[in-house]
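All chains are named by letter (A, B, ...) in the order of the sequence lines, taking the proteins before the strands, and each is independently numbered beginning at 1.
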Number of protein chains: 2
Amino acid sequence: MNDVNPLPLTTSVVFRLGTLGSVVTARFTTALAELELKPKHVGLMVALDSGAPPSQLELARIMAVAPSLVVSLADHLERIGAVDRVRDPADRRRQVLALTDTGRELLADCTALAHRLDEELTASLTGPEREALRRTLGLLGAEAGLPTSD
Amino acid sequence: MNDVNPLPLTTSVVFRLGTLGSVVTARFTTALAELELKPKHVGLMVALDSGAPPSQLELARIMAVAPSLVVSLADHLERIGAVDRVRDPADRRRQVLALTDTGRELLADCTALAHRLDEELTASLTGPEREALRRTLGLLGAEAGLPTSD
DNA sequence: TATTGTTATACTCTATAACTATA
DNA sequence: TATAGTTATAGAGTATAACAATA
């Protein structure tokens with residue numbers, strides 16, 4: 001009905017990125033269920049994996065979520081043995097979080113799972129198209145302050 | 001800490017698309033507030049704009065949301081004068097929704113807004129990079145059943 | 001009896017505010 | 001008094017289930 005408009009809303013990067021991101025996250029969420037994890041748990045493990053063991057409040061700032069949410073995410077990860085929570089002896093108010101060996105294995109499982117979903121998602125792309133997509137998303141993500149590894 | 005891993009989670013398309021999609025949707029949501037709209041209202045208007053006036057139940061199937069959600073989205077759009085709701089004379093159970101002139105103007109505003117955000121978001125990309133991104137996202141979105149216009 | 005739309009209710013996610021322990 | 005973490009509470013968003021009108 002809107003073919004007359006030279007630039008419909010559905011052609012915008014904002015629309016396509018938002019809707020496709022939502023679909024892809026839904027798939028990832030479903031696949032993560034077998035590991036007893038939600039995407040935010042994975043986000044917390046990614047943050048822990050990429051630097052010095054931070055306090056929960058620092059994590060909240062890094063992840064741009066409320067401190068109370070870090071508490072419940074850490075509660076769950078501790079319960080399944082993925083993180084250690086140790087009081088900082090130098091300041092006993094601080095809880096320092098660190099991935100356990102189990103946590104690192106779990107993160108590796110999430111990583112394998114994401115790359116398996118990647119193959120399904122991008123099966124119709126050529127190799128160069130897939131790499132261009134990965135690279136461009138990484139660039140824009142880095143500009144937006146998201147974790148990136150290259 | 002995970003630099004030894006040749007393929008970290010953060011390099012996957014799934015991770016990058018999910019996180020960046022979430023950031024971009026948050027920006028779009030903020031910008032839409034001045035039009036008294038949420039992204040799902042825009043989704044409903046997009047669906048109405050791209051075909052024959054459908055019933056609310058058909059809309060719910062197209063948008064993959066619960067019928068009760070279509071009711072409240074349509075309530076709001078009707079309240080601000082963006083859609084007409086008329087009982088189908090041939091089957092008085094059906095409410096047929098259609099964009100009004102106001103609704104079409106509103107959708108045009110949303111479209112302009114999305115393209116303005118596109119410029120900000122992709123300012124660091126070259127023209128060909130931006131078009132490749134748009135095209136690839138459109139392809140993958142179409143495969144996932146999302147609305148596309150090219 | 002089946003279907004469309006609506007209303008009532010509940011669940012998930014996440015934030016804000018109140019509180020505890022430590023500094 | 002200020003800060004880290006926790007707990008209590010509340011709000012947004014959306015689904016499921018019960019219901020009303022029409023077929």
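Within residues 62-69 of chain B, the residues having any heavy atom under 4.0 Å from DNA chain D are, by residue number, V65(B), A66(B), S68(B), L69(B). Residues from residues 84-95 of chain A placing a heavy atom under 4.0 Å of any atom in DNA chain C, listed by number, are D91(A), R92(A), R93(A).
Sorted by first then second residue, the salt bridge (Lys or Arg N to Asp or Glu O under 4.0 Å) pairs that include residues 124-140 of chain A, not counting sequence neighbours, are D118(A)-R134(A), E129(A)-R135(B), E131(A)-R134(A), R135(A)-E129(B). Note on residues 8-37 of chain B: pairs passing side-chain hydrogen bond (donor to acceptor under 3.5 Å, both in side chains), not counting sequence neighbours, are S149(A)-T10(B), D150(A)-R16(B). Sequence neighbours left out, the pairs with a member in residues 52-64 of chain B that pass salt bridge (Lys or Arg N to Asp or Glu O under 4.0 Å) are E58(B)-R94(B).
E105(B) is linked by a salt bridge (Lys or Arg N to Asp or Glu O under 4.0 Å) to nothing, counting only residues two or more places apart in sequence or in another chain. When the ring-ring contact (aromatic ring centres under 6.0 Å, His included) test is applied to H115(B), no partner is found at least two apart in sequence or on another chain. Legend: residues meeting side chain to side chain donor-acceptor pair (under 3.5 Å) with D75(B), ordered by chain and number and at least two apart, are R85(B).
Here I62(B) is tied to no hydrophobic group at all, with no ILVMFWY side chain closer than 4.5 Å. Residue V96(B) is found in a hydrophobic cluster whose other members, listed by chain and number, are V86(B); membership requires side-chain heavy atoms under 4.5 Å apart, directly or through intermediates.
Atom pair K40(B):NZ and dA15(D):C1' shows a separation of 11 Å (rounding to whole Å applied). Protein atom CG of L57(B) is 14 Å distant from nucleotide atom C1' of dA23(D), rounded to whole Å.
Look at K38(B) and you'll find a side-chain N or O under 4.0 angstrom from OP1 or OP2 of dG13(D).
From the 5' end on, the contacts that DNA chain C makes with chain A at under 4.0 Å to a non-hydrogen atom open and close at dC13(C) to dA23(C).
Under the 4.5 Å side-chain criterion, counting only non-hydrogen atoms from C-beta, D88(B) is not in contact with S55(B).
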Determine all donor-acceptor pairs shorter than 3.5 Å in which one atom belongs to a side chain in residues 139-148 of chain A; sequence neighbours excluded.
{"from": "E143(A)", "atom 1": "OE1", "to": "S124(B)", "atom 2": "OG", "distance (Å)": "3.4"}
{"from": "E143(A)", "atom 1": "OE2", "to": "S124(B)", "atom 2": "OG", "distance (Å)": "2.5"}
{"from": "T148(A)", "atom 1": "OG1", "to": "L146(A)", "atom 2": "O", "distance (Å)": "3.1"}

